[in-house]
Amino acid sequence: MTDTSELPVRVRMAPSPTGPLHIGTARTSLYNFLFARHVGGTYVLRIEDTDLARSTVEQEQDIIDTLHWLGITWDEGPQVARGDDIGSYGPYRQSMRLDLYAAEADRLMASGAAYHCWCTPEELEAVRREQEAKKEAPRYNGRCLRLTHADREQFAREGRQPVVRLKVPPETIRFDDLIRGEVEFDNALLGDFVIVRASGVPLYHFVVVVDDEKMDITHVIRGEDHLSNTPKHIALIRALGYREPRFGHIPLILNPDRSKMSKRKSQTAITAYREQGYLPEALVNFLAFLGWSPGTEEEIFTLDELSQRFDLAHVHKAGAVFDVDRLDYLNGVYIRSLTDEQLALRLRPFLPDALDDAAVLRVTPLIKERLVRLADATELTAFLVESDAEVAALYDADALVPKGRAPADAARALAIARDTLDALTDGDFSADVLETRCRRAAEELGWKAGDFFRPLRAAVTGRGVSPPLFGSMELLGRDRVLARIDSALGKVSAEAPTA
RNA sequence: GCCCCCAUCGUCUAGAGGCCUAGGACGCCACCCUUUCAAGGUGGAGAUCACCGGUUCGAAUCCGGUUGGGGGCACCA
């Protein structure tokens, strides 16, 4: 068998714990997950931590947690950052598979497909500069391939540690990409690349190929940035006598300027979105449509629906700009689709303890339609948490006095409102009753309801914009509402020229 | 510089030769609803399908070139 087309489908995602879970990695993981679910294949998580210097267990933990948070689960791989892997192809961390890579590197050395290279970084740099000056492709010149036995002994005596390079045959590499179709590269342009560091720790291109073979991966679905790396992988596969998997390169997620999405120009950590109160359902739906569509005009899908519909045939070739406005819209759609109870539960972590669970549940219907992100609830409910004095500190004439009216008018309206509400018992202090009474008062005054409500809203919430006024007053309670109107009255009266 | 990939409204996309005088969504604008803000409803602006040549009775859809954009060329992944 020279390829994997007869094998049961196994795909993998291979994040590197050198930073928090990246949007692009999440989307690639999602596509692999959806593909595996759709065809009934196996989905493997493998941690690519061969860059020992930059990999940390904290970041690995973040990746695992965040993937779970998104609802992405795997059939094989680590479950927590400790090592109770599930699956029979483990271990699933490359740092724990070093012996395997060393053995495969030895095989390559023994067969003559790879060789030691003693060139120093300085020497390599010099060659590269020379090539650039001559406008040639920067690649290794094969100097150490022509070393004599004596040369090697000399280097060894100097204490120099060699790297291992693959001898790349000058041949044309062709493969049928699942998304892009026939792609062709000339490996004569490649140069012999390094597969094992001088430290003995193997490099990405090498380990990815070894693991994909040993883990029986049949479909390698990854970002387009790996398209140009594929001929290296195929060269390695051939040198090692492995089976060739199918490759599929999905389009990149882009910054607004259409460059590859980066931390420098965009918010790339999924955690950051989570902290702002984006729902995982919205993020998943949004990410799925960045480079794929079901071919219809439907656009709201759950994870389950996505796994039923997802197919590689509808994956785009062109990159997609990450459009936060669209994410915001989707997030709102998902927030509004939640019941009050569900939403209250999600809101809990974003609201202060001063608001108890019952209070959170009571404000939820008032703010539901106004939330773009869960974190927005903090500002929307601040008037409930703030003391009367804090609210009073926010009072300003502009919000308190309706346009076209004098401060004295606002004072009069406020005074009337105060008397109206004062006449109510605690038991009558409900949104419905409040609204009826206040409307009647406005009418008697001869004011438009909206004008009458404006100073009231400002007095009660300290803001010109707030959740629905009467529901807010009900939540606040009679005493606090009255107290706030009193201090607003004081503020407005001070503004007004003596009547 | 070399190699590779890509190209439909500002953005995400539908479109697999006639159904397209190009559809939907986000955003934007207007109006309606309305106690503010939202949400919702209705309508609108917005794409000579990058350009130029072919193929065809017929092309956004196929082919070639041009231009533009992106990615890759590490002892990072």
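Just so it is clear, the model here is predicted, and its values are computed rather than measured. Below, chains carry the letters A, B, ... as their sequence lines are ordered, and counting in each starts from 1.
A/Leu327 has its CG atom 14 Å from the P atom of B/C26, to the nearest Å. A/Asp257 has its CG atom 12 Å from the P atom of B/U11, to the nearest Å. What separates CG of A/Leu456 from P of B/U35 is a distance of 14 Å, to the nearest Å. Residue A/Tyr329 contributes atom OH, which lies 8 Å from atom P of B/G27 at whole-angstrom precision. In this structure, A/Leu434 atom CG and B/U35 atom P are separated by 15 Å, rounded to whole Å. Atom C1' of nucleotide B/A16 and atom NE2 of A/His316 are separated by 12 Å, given to the nearest angstrom. We find that CD of A/Glu369 is positioned 12 Å from P of B/A38, with the value rounded to whole Å. To the nearest angstrom, P of B/C6 lies 18 Å from CG of A/Leu290.
Residue A/Pro467 is in base contact, counting any heavy-atom pair closer than 4.0 Å across all strands shown. As judged by a 4.0 angstrom heavy-atom cut-off over every strand, A/Pro468 is placed among the base-contacting residues. Using a 4.0 Å heavy-atom criterion, one finds that A/Phe470 contacts the bases of the nucleic acid, with or without backbone contacts as well. As judged by a 4.0 angstrom heavy-atom cut-off over every strand, A/Gly291 is placed among residues touching the sugar-phosphate backbone only. Contacts of A/Glu298 with the nucleic acid, taken as non-hydrogen atoms under 4.0 Å apart, are absent.
At a cut-off of 3.5 Å, with distance as the only test, a side-chain donor of A/Arg222 or A/Thr230 sits close to an acceptor on the other residue. For the 3.5 Å distance criterion, the side chains of A/Asn229 and A/Tyr204 fail to qualify, holding no donor opposite an acceptor.
Partners of A/Trp292 according to the side-chain hydrogen bond (donor to acceptor under 3.5 Å, both in side chains) rule, which considers only residues two or more places apart in sequence or in another chain, are A/Asp311.
More than 12 heavy atoms of other shown residues, nucleotides or ligands fall within 6.0 angstrom of atom CD in A/Glu123.
B/A7 and B/A16: their P atoms are spaced 16 Å apart (whole Å). The C1' atoms of B/A77 and B/G40 are separated by 47 Å, rounded to the nearest whole Å. Of the C1' atoms belonging to B/G18 and B/A60, the separation is 13 Å, rounded to the nearest Å. The same atom, P, is picked in B/A25 and in B/A39; the two are 15 Å apart, to the nearest Å. Comparing the P positions of B/C29 and B/A38 gives an interatomic distance of 11 Å, to the nearest angstrom. For the P atoms, the distance linking B/G46 with B/G24 amounts to 14 Å, nearest Å. With both ends at atom C1', the span from B/G23 to B/U66 equals 30 Å, rounded to whole Å.
For B/C76, there is no paired nucleotide, since no Watson-Crick or G-U wobble pair has both relevant distances below 3.5 Å. Using N1 to N3 plus N6-O4 or O6-N4 for Watson-Crick, or N1-O2 and O6-N3 for G-U wobble, each under 3.5 Å, B/C9 pairs with nothing. A 3.5 Å limit on both hydrogen-bonding distances identifies no Watson-Crick or G-U partner for B/A16. Base-pair partner of B/C31: B/G41 (Watson-Crick or G-U wobble, both distances under 3.5 Å). Across the strands present, B/U21 finds no partner; the criterion is a Watson-Crick or G-U wobble pair with both atom distances under 3.5 angstrom. When both pairing distances are held under 3.5 Å, B/C62 makes a Watson-Crick or G-U pair with B/G54.
Atom CG of A/Asp176 and atom CD1 of A/Ile179 lie 11.5 Å apart (nearest 0.5 Å). For the atom pair CD of A/Glu182 and CZ of A/Arg174, the computed distance is 7.5 Å after rounding to the nearest 0.5 Å.
Between A/Phe470 and A/Phe453, the angle of the ring planes goes over 60°, which puts this pair in the perpendicular group of the 30/60° scheme. A tilted orientation is assigned to the rings of A/Tyr31 and A/Phe310, their planes being inclined by 30° to 60°. Relative ring orientation between A/Trp118 and A/Phe155 is described as parallel, the plane-to-plane angle staying below 30° on a 0-90° scale split at 30° and 60°.
In summary, the aromatic rings of A/Phe322 and A/Phe286 are positioned with their centroids under 6.0 Å apart. Aromatic ring centres of A/His226 and A/His249: separated by at least 6.0 Å.
At a cut-off of 3.5 angstrom, counting only N and O atoms as typed in the model, there is no donor on one side facing an acceptor on the other between the side-chain of A/Arg180 and the base of B/C5. Remark: the A/Arg457 side chain and the B/U35 base include a donor-acceptor N/O pair separated by less than 3.5 Å.
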Measure all distances between protein nitrogen or oxygen atoms and nitrogen or oxygen atoms of nucleotides 44-52 of chain B, and list the pairs falling under 3.5 Å.
none

List, with names and distances, any nitrogen or oxygen atoms from the protein found under 3.5 Å away from nitrogen or oxygen atoms belonging to nucleotides 71-77 of chain B.
{"residue": "B/G71", "atom": "OP1", "partner": "A/Lys260", "partner atom": "N", "Å": "2.9"}
{"residue": "B/G71", "atom": "N2", "partner": "A/Ser228", "partner atom": "OG", "Å": "3.1"}
{"residue": "B/G72", "atom": "OP1", "partner": "A/Lys260", "partner atom": "NZ", "Å": "2.8"}
{"residue": "B/C75", "atom": "O2", "partner": "A/Ala198", "partner atom": "N", "Å": "3.1"}
{"residue": "B/C75", "atom": "N4", "partner": "A/Cys119", "partner atom": "O", "Å": "3.4"}
{"residue": "B/C76", "atom": "OP2", "partner": "A/Arg197", "partner atom": "NE", "Å": "2.9"}
{"residue": "B/C76", "atom": "OP2", "partner": "A/Arg197", "partner atom": "NH2", "Å": "2.9"}
{"residue": "B/C76", "atom": "O3'", "partner": "A/Arg197", "partner atom": "NH2", "Å": "3.3"}
{"residue": "B/C76", "atom": "O2'", "partner": "A/Asp51", "partner atom": "OD2", "Å": "2.5"}
{"residue": "B/C76", "atom": "O2'", "partner": "A/Arg54", "partner atom": "NH2", "Å": "2.5"}
{"residue": "B/A77", "atom": "OP1", "partner": "A/Thr50", "partner atom": "OG1", "Å": "2.9"}
{"residue": "B/A77", "atom": "OP1", "partner": "A/Asp51", "partner atom": "N", "Å": "3.4"}
{"residue": "B/A77", "atom": "OP1", "partner": "A/Arg197", "partner atom": "NH2", "Å": "3.1"}
{"residue": "B/A77", "atom": "OP2", "partner": "A/Tyr204", "partner atom": "N", "Å": "3.0"}
{"residue": "B/A77", "atom": "O3'", "partner": "A/Glu48", "partner atom": "O", "Å": "3.4"}
{"residue": "B/A77", "atom": "N6", "partner": "A/His205", "partner atom": "NE2", "Å": "3.1"}
{"residue": "B/A77", "atom": "N6", "partner": "A/Asn229", "partner atom": "ND2", "Å": "3.4"}

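A/Phe247 and A/Ile234 make their closest contact through CE1-CG1, 4.0 Å (heavy atoms, listed as atom of the first residue, atom of the second, distance).
Positionally, the nearest nucleotide of RNA chain B for A/Val321 lies more toward the 5' end than for the other of A/Arg370 and A/Val321.
In this structure, A/Arg326 does not reach the B/G27 phosphate: none of its side-chain N or O atoms is under 4.0 Å from OP1 or OP2. For the OP1/OP2 pair of B/C6 and a distance below 4.0 Å, the side-chain nitrogens and oxygens of A/His249 include no atom meeting the criterion.
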